[in-house]
J.: 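Quick one: structure below, then a few questions.
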Amino acid sequence: MAQHILIVDDEESIVTLLKYNIEQAGFTTDVAYSGKEALDKASVQPFDLIILDVMLPEMDGMEVCKQMRQKQMQTPILMLTAKDDEFDKVLGLELGADDYLTKPFSPREVVARIKAILRRISQHAPEIARGTESYKIADLIVYPEQYEATVKGSGLVLTPKEFELLLYLTKNKGRVLSRDQLLSAVWNYDFVGDTRIVDVHISHLREKIEPDTKKPVYIKTIRGLGYKMEDPSKDA
């Protein structure tokens, strides 16, 4: 069955362009022309990915993204912005978006980003076939095949990108990983050195797994180098 993409933009010409190119790439699509319509559709039917413009009537894309994550909708979100503004991009990621593109963009680039996001999600299942069912560090357990993680037995609500980052850190426990390494491994393409994206997602993960975000015991900052996943039970 073809993967289903929701396209959200109030400019009909952009919707038409995206719809044509995405369907040519083998996906099925649905469309919404306002933030409210997008939220309503995403609430009643599942999508494999949502392309979400920032500037929308009734409810802007940032608010749509925020509300989706508050409702625990974990569908990957690719945000579109006409503003070449680093603050907007970082804010979108802070609210739970998985990726962004700045207008004007190439339809081929949009399709490439869609495939990259969906491929990263689907690539976790084959890892289990190599015999590893879970990764455990103290009270944290990551289940790649189920795309789930728990702390002290409680399930974590993670965006796809947060899960991928957590899995990579966990699999590389004890290793110091630079921000550039994490960008390359988790995002899989060039973000032109925008390592703040890594910092934003590390902050999100700490809020969800650390007993005290001011004194992290799992994800340690290694000043001047990057981050390292540690086992707090070894220090107990």
Side-chain angles (χ1 to χ4, degrees), residues 62-63 65-79 86-100 117 120-121 123-124 127 132 134-189 191 193-236:
M62 297 292 192
E63 183 62 25
C65 181
K66 179 181 177 181
Q67 290 199 27
M68 285 182 177
R69 295 312 186 218
Q70 287 176 342
K71 294 175 183 289
Q72 300 188 10
M73 298 180 195
Q74 301 307 313
T75 308
I77 295 174
L78 171 60
M79 298 202 79
E86 183 181 2
F87 173 79
D88 278 352
K89 297 170 185 176
V90 173
L91 177 60
L93 294 167
E94 286 177 340
L95 292 175
D98 295 272
D99 197 359
Y100 64 82
I117 293 170
R120 287 196 298 272
I121 292 173
Q123 279 175 343
H124 290 294
E127 294 174 358
T132 301
S134 66
Y135 297 90
K136 187 177 188 301
I137 302 177
D139 294 321
L140 171 68
I141 307 177
V142 181
Y143 303 93
E145 187 174 54
Q146 290 83 5
Y147 222 69
E148 296 175 353
T150 64
V151 170
K152 294 185 177 180
S154 297
L156 300 175
V157 179
L158 301 170
T159 66
K161 190 61 63 198
E162 289 168 359
F163 180 86
E164 290 160 21
L165 179 58
L166 178 61
L167 178 61
Y168 189 78
L169 288 166
T170 304
K171 290 172 66 175
N172 288 277
K173 181 185 69 174
R175 290 181 56 195
V176 178
L177 302 168
S178 71
R179 291 170 174 82
D180 285 330
Q181 280 179 291
L182 292 170
L183 270 178
S184 176
V186 178
W187 279 262
N188 201 29
Y189 47 80
F191 259 85
D194 192 355
T195 55
R196 289 189 62 192
I197 293 166
V198 175
D199 296 334
V200 166
H201 282 77
I202 290 289
S203 176
H204 283 180
L205 282 179
R206 282 175 168 163
E207 289 173 1
K208 296 176 180 182
I209 71 172
E210 299 285 0
D212 182 353
T213 56
K214 294 181 180 178
K215 297 178 181 179
V217 294
Y218 286 103
I219 305 175
K220 296 290 187 72
T221 299
I222 309 301
R223 189 174 297 276
L225 295 175
Y227 297 101
K228 180 171 68 169
M229 175 68 83
E230 293 190 349
D231 186 343
S233 65
K234 297 292 179 63
D235 300 325

J.: State, without any angle test, whether Asp199 and Tyr227 hold a side-chain donor-acceptor pair at a distance under 3.5 Å.
T.: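 A pair is found: one side chain offers a donor N or O, the other an acceptor, under 3.5 Å apart.
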J.: I need the Ile197 CD1 to Leu165 CG distance, nearest 0.5 Å.
T.: 12.0 Å
J.: Any side-chain heavy atom of Ile137 sitting closer than 4.5 Å to one from Pro232?
T.: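 When only atoms from C-beta onward are counted, Pro232 and Ile137 do touch, with a gap below 4.5 Å.
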J.: Grab the two heavy atoms, one from Gly155 and one from Thr150, that are nearest each other, plus how far apart they are.
T.: CA-CG2, 4.0 Å
J.: In the structure I gave you, are the side-chain heavy atoms of Val217 and Pro211 within less than 4.5 Å of one another anywhere?
T.: yes
J.: Do Met68 and Gln70 have side chains that get closer than 4.5 Å, going by heavy atoms?
T.: no
J.: Atom NZ of residue position Lys71 - does it have more than 12 heavy atoms of other residues, nucleotides or ligands inside 6.0 Å?
T.: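 At most 12 heavy atoms, drawn from other residues, nucleotides or ligands, come within 6.0 Å of this atom.
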J.: Indicate the atoms forming the closest heavy-atom contact of Pro76 with Ile117, along with that distance.
T.: CB-CG2, 3.7 Å
J.: Can you tell me how far apart NZ (Lys152) and CD1 (Ile209) are? Round to the nearest 0.5 Å.
T.: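 Answer rounded to 0.5 Å: 12.5 Å.
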J.: What are the two closest non-hydrogen atoms of His204 and Leu95, and how far apart are they?
T.: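 Scanning both residues, the minimum pair turns out to be CE1-N, 4.5 Å.
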J.: Between the side chains of Lys220 and Asp231, is the shortest nitrogen-to-carboxylate-oxygen separation below 4.0 Å, so that they form an ion pair?
T.: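 Here Asp231 does not pair with Lys220 in a salt bridge, since their nearest N and O are not under 4.0 Å apart.
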J.: If every non-hydrogen atom of Tyr143 is compared with every non-hydrogen atom of Phe163, which pair is closest and at what distance?
T.: O-CZ, 3.7 Å
J.: Can you tell me how far NE2 of His201 sits from CG of Leu169, rounded to the nearest 0.5 angstrom?
T.: 12.0 Å
J.: Identify the heavy atoms of Val198 and Arg179 that sit nearest to each other, and give their distance.
T.: CG2-O, 3.7 Å
J.: Are any of the side-chain heavy atoms of Gln67 and Met73 separated by less than 4.5 Å?
T.: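 No, too far: nothing below the 4.5 Å cut-off.
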J.: When you measure from the side chain of Glu164 to the backbone of Lys161, do you find a donor-acceptor pair of N or O atoms at a distance under 3.5 Å?
T.: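 Answer holds: no.
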J.: Evaluate the side-chain proximity of Leu156 to Val151: yes if any heavy-atom separation is below 4.5 Å, no if none is.
T.: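 Counting from C-beta outward, Val151 and Leu156 do come under 4.5 Å.
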J.: Step by step, would you call Leu140 with Leu166 a side-chain contact (heavy atoms from CB on, under 4.5 Å)?
T.: CA-CA 10 Å; Leu140 171 68; Leu166 178 61; 4.0 Å; yes
J.: So, do Thr159 and Ile77 sit near enough that their side-chain heavy atoms are less than 4.5 Å apart?
T.: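 Not touching, per the 4.5 Å side-chain cut-off.
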J.: Show the nearest heavy-atom pair for residues Lys228 and Gly174, with the distance to one decimal.
T.: CD-O, 3.3 Å
J.: Spell out, as yes or no, whether a donor-acceptor pair under 3.5 Å connects the side chain of Glu210 to the backbone of Ile219.
T.: yes
J.: State the CG-OH distance between Leu167 and Tyr135, to the nearest 0.5 angstrom.
T.: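 Nearest 0.5 Å value for the CG-OH distance: 6.0 Å.
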J.: Given side chains that start at C-beta, do those of Thr170 and Tyr218 come closer than 4.5 Å, heavy atoms only?
T.: no
J.: For the residue pair Ile222 and Leu177, establish whether any side-chain heavy-atom pair is separated by less than 4.5 Å.
T.: no
J.: Quick check: does any side chain N or O of Ser184 sit under 3.5 Å from a backbone N or O of Asp180, one acting as donor and the other as acceptor?
T.: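 No.
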J.: Verify, without hydrogens or angle tests, whether Lys136 (side chain) and Ala138 (backbone) share a donor-acceptor contact under 3.5 angstrom.
T.: yes
J.: Output yes when a side-chain donor or acceptor of Glu162 lies under 3.5 Å from a complementary backbone atom of Leu205, and no otherwise.
T.: no
J.: Checking the side chain of Arg69 only, and the main-chain atoms of Gly96 only, is there a donor and an acceptor separated by less than 3.5 Å?
T.: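 Confirmed, Arg69 side chain pairs with Gly96 backbone.
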